[in-house]
Structure formats: structure tokens, C-alpha cells
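Please read the structure below before turning to the comments.
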Amino acid sequence: ELPDKQKIDLGDARFQGAEFFFNQPEPDAKREIDLTGFKGYHQMVLESINKCDVDLRKEMLSNIILTGGNTLLPGFVEVIQKKLTDIAPQNAKIKFIAYPHTIERRYSAWVGGSILASLGSF
């Protein structure tokens with residue numbers, strides 16, 4: 001229901017939007033933004049960790065913190081964990097840290113940034 005009391009039924013479309021975060025989009029000439037390099041969150045996480053020092057990768061894979069609005073989508077934690085496990089090295093122990101309460105997860109990135117910005121050494 002919208003603020004003007006108008007009701008809109010989105011049906012299955014409300015769940016399909018999240019698929020974008022885990023599947024490479026098809027080329028589309030109508031798209032305003034070029035997304036051909038986007039491979040999904042799971043791939044981005046692994047690529048970022050692989051750019052770190054070899055000695056840190058094991059520790060990084062076992063301490064992945066999920067925060068922000070998109071992580072609140074139903075099933076997000078389970079899907080990213082499965083997809084990342086599928087593409088990570090076979091002996092890697094992957095552990096996600098995600099606050100169970102939506103308020104904490106929604107604002108923890110902002111709180112962390114605020115704390116960092118308030119440090120005199122920053």
C-alpha cells in the first residue's frame with residue numbers, strides 16, 4: 001500500500017529482483033548502465049579476497065561480514081553462502097557474520113563509518 005492508499009500487487013516480481021545480485025545479467029541494448037562485468041555478489045567477494053595477500057585469504061573467508069539493506073532480502077545469507085561455497089577453493093572454511101536483527105544489519109555500516117570518521121588518526 002502506498003502513502004496515497006493506492007494498492008499495487010507486484011506478485012512474483014518482488015522476489016525476482018534479488019536474482020540480479022547472484023546471476024550475471026543478459027546483454028540488453030536498452031539498459032542505460034553497462035553491467036556486462038557484473039558477475040554477482042558472490043563472485044565480487046571472492047575476487048576481492050583473492051586480491052588480498054595469500055596469507056590473509058583463509059582468515060578473510062572465515063570472517064565475511066554481511067551488512068546493509070540488500071542483505072535483508074529473504075534468503076540472501078543462505079544464497080550467498082551457497083554460491084560462494086560453490087566457487088571458493090574446496091578446502092576453504094567460509095563463515096558469514098550477519099546480525100540477526102534488521103535494525104543492526106541495516107545501520108551497522110553507517111555506525112562503523114561514523115566511528116572511523118570520528119577517529120583523530122583518520
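Basis for what follows: all heavy atoms, side chains included, without hydrogens, waters or symmetry-related copies.
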Task: Fellow cluster residues of V111, listed by chain then number, with links counted only when side-chain atoms sit under 4.5 Å apart - done: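 Answer for V111: I115.
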Task: Rounded distance [0.5 Å steps], CD1 in I103 versus OG in S108 - done: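 Result: 11.0 Å between the selected atoms.
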- [ ] Might you confirm whether atom OH of Y107 has over 12 heavy atoms from other residues, nucleotides or ligands at distances under 6.0 Å?
- [x] no
Open item on the list: Hydrophobic clustering (ILVMFWY, side-chain heavy atoms < 4.5 Å, transitive) - are L72 and V77 grouped together?
Closed with: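 No.
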What donor-acceptor contacts under 3.5 angstrom involve side-chain atoms of residues 56-66, with partners at least two apart or in another chain?
residue, atom, partner, partner atom, Å
R57, NE, N50, O, 3.3
R57, NE, C52, O, 3.1
R57, NH2, N50, O, 2.5
R57, NH2, C52, O, 3.2
E59, OE2, N63, ND2, 3.0
S62, OG, K58, O, 3.3
S62, OG, E59, O, 3.0
N63, ND2, E59, O, 3.0

For residues 79-100, run the donor-acceptor check on the side chains, cut-off 3.5 Å, and write out each pair with its distance to 0.1 Å, sequence neighbours left out.
residue, atom, partner, partner atom, Å
K82, NZ, D86, OD2, 2.9
T85, OG1, Q81, O, 2.6

